[in-house]
Amino acid sequence: MSKKMPQENDAKSADLARFLQDNTEQCLTTDQGLRINDDQNSLKAGERGPTLLEDFILREKITHFDHERIPERVVHARGAAAHGYFQVYESQAHLTKAGFLQNPAEKTPVFVRFSTVAGSRGSSDLARDVRGFAVKFYTQEGNYDLVGNNMPVFFIQDAVKFPDLIHAVKPEPHNEIPQAASAHDTFWDFISLMPESMHMIMWVMSDRAIPRSLRMMEGFGVHTFRFITAEGKSRFVKFHWKPLLGVHSVVWNEALKISGQDPDFHRRDLWEAIDNGDFPEWEFGVQIIEEEDEHRFDFDLLDATKLIPEELAPVQRIGKMVLNRNPDNYFAETEQVAYHAGHVVPGIDFTDDPLLQGRLFSYTDTQLIRLGGPNFHEIPINRSVAPVHNNQRDGQMRQAVNTGRVSYSPNTLGGGCPMQAGADRSGFVSYPEPINAQKWRGKSEKFFDHFSQAALFFNSQADWEQAHIVKALQFELGKVEAPAVRERTVGMLAQIDPTLADRVAEGLGMAVPVTVELPLNRSVPADANAKDYQPKPVNPSVGASPALSMANKPADGIRTRKIAILAADGVDESAVTAMQKALAAAGAQSRIVAPHGGKLAGAGGTFIKVDHSLLTTSSVMFDAVYIPGGPHSIAALGNEADVLHFIQEAYNHCKTIAATGEGCELVAASFGNADRDGGQPTAGILLGRDAATDVVAAHFIAAIAQHRHWSREMKAQAPA
Ligand code: HDE
């Protein structure tokens, strides 16, 4: 009998149980099941002798190791994923025949992978970047992949520009610098020549590109898709994911520091939340556009650089997704999962969006190089729960042992199997969209309104959000060395909003160019049949869309937020306990941060476990800070430069800071008279010198729920 390791034995559960009972059976073996006697020494000629080529055990082990890496994804290489389920609230039969959207009692398993786009597999989670939000639904009708992003639009309108975009943003080819960053010449050179990218540029320069947590991001299908009913009626649909924890971001200075402190910040946050039973949840939303309204808008529904403002087509929340299980093995699941924009089920169909159409080719092609052959659908994470029957055979790493001699259709020798389902047995039927057109290389006129929705986005942001966009552009363009690239980009920004361009130019110490050099690719003669449309100025009717601002997302309590409690020996332990209790009751997590690890001796003689020494963490790892009293504790903390920096940095990042007892003196020592701002209390600073801890805790919790206190940002700041 073979002596496989239990985890490799996925079929025979009785064998597995027996193996688990009897640990002595778990001997180390070769891949052929041969028991290994000695795994510490290679086979040698004599005590000091040369290693023998004969050592097949050594060779098997090293050979496997040499082949352990596969090509990383060309984009979205860095990711983190989780298992969960999706449930529809009520039948959507009036919109689509998709099986997983019919029955509220049915839970459809999902596997969701979040990612950054530009960085390599080992890059930081906190890069300024769009995040991938890819959901694989394992439905009874086959796998459905909604391969989206955390931003509702994209840089380019046509798939043919994708390799150019990615080449431009990736590290520059001569020196492979910079890693996971768009702040360099080639990216902005490309962008400055692509006016269609301006709307997406507003999004990636906003704080949406530096989320507080993957659990606090929206998700979007980006393209317009179709829903098809059982009667064959088609409607246009845009897909949304709305996180129940709200939509929150960090600030750029914080992102830079988190990248050093914990490059796995998002990955760890997702893992720990699921491990703690704080399961991330999103509602699934749809915007529906009737077929007859296709041309109702100023923009083209097929243009992926445009969104449909929620004020024009409300997002209907039709179901919920819960992520409740971490992967068992990163490589087997998160790395080997293969999403594809073309994995659809009956009831969901494509539109002619030229970006989407190109994606339908790309995803299978990329899996072939990444996963090594055409059988990647047999890797456990990619397997459909619906039975698979077809005449595909053979190929690299084929797992299925197909029996019989028939591998073609039509056949009689195999009883005609597998048979075509036909539409009446829910076989997939493409929507019969009528097409009567000339071939050409070009786009419709509405695609050329590049600036109106960029202006819509900018106009819809709160003051602090606009300020962050301006700063981000100053940072990115400040890293650009070629003056002409900076000028062209600022000229492009002036097309969106002259005040935006002025503010960015001021920070760069340059003037806004009076005329914008037209992008090079526009000077190329158009296809003989195509019309030569030019970029249009901002549509004067553009207003604001409140749904686009994070400031308008509903407040959502402090569930899963992380709060630092700064303490040293002699801390007032009753204050610590009262605060910990209040925070835990609100669903938050508190951590004791102290000058040393191990335990603290409280003023009353009890010991408190330290979670982090000051060396191993910093304020950027937390959402808020509490400083309890205790004269000895405060005296000790006051001697630590790291403590003062911790408090100042939390202040500068607009986080909530609370103190009780002598803790208030430490806050004052950190940045002067911080609780007063022109006689008014400073937002988010709660000092309760003589107040009961639970009273301070109630205010603290309410203040943390606001996420950040942006009014502080406009004031002069201590250096962080
Ligand atoms: Fe992708 N994209 N993409 N993309 N994409 C890939 O497929 C591609 C686009 C998105 O966690 C690749 O398996 C082209 C838009 C996500 O595994 C590749 C174009 C959107 C992920 C590919 C686009 C996305 C990918 C690389 C322009 C948002 C990660 C590895 C037409 C709607 C999925 C892979 C995961 C991954 C091609 C544009 C989302 C090369 C050609 C727009 C979330 O096939």
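For the numbers below, each heavy atom of this structure counts, side chains included, while hydrogens, waters and symmetry mates do not. Note that ligands are numbered from 1 as they come in the structure, with each ligand's atoms numbered from 1 the same way.
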Shortest reach to atom 43 (C) of ligand 1 by a heavy atom, considering only Pro354, Ala80, Gly148, Gly79: Gly148
Contact (N/O only, under 3.5 Å) between Arg370 and ligand 1: no
Would you kindly check if the NZ (Lys) or CZ (Arg) of Lys136 is within the cone defined by 45 degrees around the ring axis of Tyr339 and under 6.0 Å from the six-membered ring centre?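 Because its charged atom sits under 6.0 Å from the ring centre and within 45° of the axis, Lys136 does stack over Tyr339.
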Could you check whether the rings of [X] and [Y] sit parallel, tilted or perpendicular, using 30° and 60° as the cut-offs?
X: Phe133; Y: Trp282; result: perpendicular
X: Phe284; Y: Phe86; result: perpendicular
X: Phe448; Y: Tyr533; result: tilted

Name the closest protein heavy atom to [atom], giving the residue it belongs to and the distance to 0.1 Å.
atom: atom 33 (C) of ligand 1; result: Tyr339 CD1, 3.9 Å
atom: atom 11 (O) of ligand 1; result: Arg113 NH1, 2.6 Å
atom: atom 28 (C) of ligand 1; result: Asn149 ND2, 3.2 Å
atom: atom 13 (O) of ligand 1; result: Gln367 NE2, 2.8 Å
atom: atom 30 (C) of ligand 1; result: Arg73 CG, 3.5 Å
atom: atom 34 (C) of ligand 1; result: Thr366 CG2, 3.3 Å

Atoms of type N/O/S from protein, distance to atom 1 (Fe) of ligand 1 below 2.8 Å: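 Considering protein N, O and S only, atom 1 (Fe) of ligand 1 has 1 within range.
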Inspect the surroundings of CD in Gln396 and state if more than 12 heavy atoms from other residues, nucleotides or ligands are less than 6.0 Å away. no
Just by distance, no angles: are the side chains of [X] and [Y] close enough, under 3.5 Å, to form a donor-acceptor pair?
X: Gln495; Y: His450; answer: no
X: Gln461; Y: Ser206; answer: no
X: Asp300; Y: Ser444; answer: yes
X: Ser234; Y: Arg226; answer: yes
X: His248; Y: Ser213; answer: no
X: His223; Y: Arg359; answer: yes

Report the part of Leu355 (side chain from C-beta onward, or backbone N, CA, C, O) that has a heavy atom under 4.0 Å from ligand 1; answer both or neither where that applies.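 Both backbone and side chain.
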Donor-acceptor contact below 3.5 Å, side chain His199 vs main chain Thr305: yes
Using modelled atom types and a 3.5 Å cut-off, is there a donor and acceptor pairing between side-chain atoms of Ser460 and backbone atoms of Leu456?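 Yes, Ser460 side chain to Leu456 backbone: donor-acceptor pair under 3.5 Å.
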Can you list the ligand 1 atoms lying under 4.0 Å from a non-hydrogen atom of [X]?
X: Val74; value: 40 (C)
X: Ala159; value: 31 (C)
X: Gly221; value: 32 (C)
X: Phe133; value: 43 (C)

What do you reckon, does Phe114 put a non-hydrogen atom under 4.0 Å from ligand 1?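 Judged by the 4.0 Å heavy-atom criterion, Phe114 does not count as contacting ligand 1.
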